[in-house]
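Note on naming: letters A, B, ... go to the chains in the order of the sequence lines (proteins, then strands), and numbering restarts at 1 for each one.
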Amino acid sequence: MTPEAATAGGETVQLDARGLNCPMPIVRTAQTIKTLAPGQLLEVLATDPGSVADFAAWSRSTGNEIVTSGVQDGVYRFVLRRK
Amino acid sequence: MADSEEAISLVLFSGTEDRLQAAAVLTAGAAAMGRPVHIFLQYWALNAFRRDRIDGPLPLAPEAGAEGKEAFDAMHANGQQAWQQTLRMAKELGEVDIQACSLSMDLLHLEQDQLDPLVDGIEGVAAFYLNAGQGQMLFI
């Protein structure tokens, strides 16, 4: 299944996971990152309040690096690099 | 199937929607993290995986009460993904093996062709423990 929100635009792929509840942000992220080349970047937007802890855990567990992360107006943003 | 310590085993006993939903969320999360999941279906959970019932309405656990029912009604109205869809997604994403308990199959007079294709096979407790290995186990 290809997440409909993911569009390949140049180097960094975007994934809009806003409004999705746990565990869908990391499920969509895991699905999408599989379609990237090693080293390619994925930018994810999420509103699930567990996102910060979940993305940190997902990164540790899968070895895909969190390049940057932040939050603005209740939207979490993560830039991930495919292992 | 790998029996590494990373694997998680879930024994699903309850056939209520809230517990199946919780199990589906745990399964999808594990699959996203690359951890294999073994699911063993017993009793009323197995009944919920019947081909003719899997898309039907299910009760909630007694502790849900009126407030819980209201929360689930709101969730359905929002179009939030149902437990069986979350499990299908988890199976596409990772290593998720779903087995029916042979004793429960017998108790409920079921054959495998009466079960949803989400169910990979039928096994007994010995096979379940062997596949679970040293990994964590949850009873839901």
Side-chain angles (χ1 to χ4, degrees), chain A residues 1-6 13-66 69 74 76-83, chain B residues 2 4-10 12 17-37 39 60 64 68 70-98 116-118 135-136 138 140:
Chain A
M1 184 180 298
T2 307
E4 59 285 356
V13 173
Q14 316 285 327
L15 172 64
D16 187 355
R18 287 177 294 179
L20 298 179
N21 293 328
C22 174
M24 295 318 295
I26 60 159
V27 167
R28 296 282 191 187
T29 298
Q31 286 174 331
T32 308
I33 210 151
K34 279 185 178 176
T35 67
L36 270 59
Q40 202 175 352
L41 299 179
L42 173 65
E43 180 184 4
V44 185
L45 300 179
T47 47
D48 181 74
S51 294
V52 174
D54 269 8
F55 275 86
W58 178 81
S59 167
R60 265 206 306 281
S61 154
T62 62
N64 297 292
E65 179 197 354
I66 298 178
S69 65
Y76 302 95
R77 177 177 170 272
F78 304 92
V79 177
L80 311 165
R81 190 193 313 277
R82 175 157 187 190
K83 184 171 60 168
Chain B
S4 74
E5 291 184 14
E6 287 290 290
I8 312 262
S9 295
L10 306 180
L12 305 191
E17 186 183 356
D18 42 6
R19 286 180 180 262
L20 289 166
Q21 175 84 26
V25 166
L26 289 167
T27 301
M33 294 181 73
R35 298 176 72 164
V37 184
I39 295 179
L60 296 177
E70 207 173 296
F72 265 72
D73 286 346
M75 201 180 75
H76 295 151
N78 288 341
Q80 195 182 314
Q81 184 166 272
W83 63 273
Q84 68 276 32
Q85 293 167 325
T86 302
L87 278 182
R88 286 191 188 106
M89 181 173 275
K91 284 193 86 157
E92 283 172 21
L93 181 62
E95 196 183 328
V96 178
D97 182 55
I98 303 182
D116 187 85
L118 268 171
Q136 292 166 313
L138 298 172
I140 300 175

Quiz item: chain B heavy atoms under 4.5 Å from A/N21: which part of the residue, side chain, backbone, both or neither?
Solution: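 Just the side chain, heavy atoms under 4.5 Å.
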
Self-check item: Atom pair CE (B/M33) and CZ (A/R60), whose distance is rounded to the nearest 0.5 Å
Solution: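 Atom-to-atom, B/M33:CE and A/R60:CZ are 8.0 Å apart.
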
Quiz prompt | Interatomic distance, A/Q31 atom CD to B/M89 atom CE [nearest 0.5 angstrom] | solution =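 Going from CD on A/Q31 over to CE on B/M89, the span is 5.0 Å.
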
Quiz prompt | Taking every non-hydrogen atom, the tightest pair across A/I26 and B/A32 | solution =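 Taking A/I26 first and B/A32 second, the nearest heavy atoms are O-CB, 3.7 Å.
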
Quiz item: More than 12 foreign heavy atoms under 6.0 Å from CD of A/E65: is that the case here?
Solution: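 It does: A/E65 CD has more than 12 such atoms within range.
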
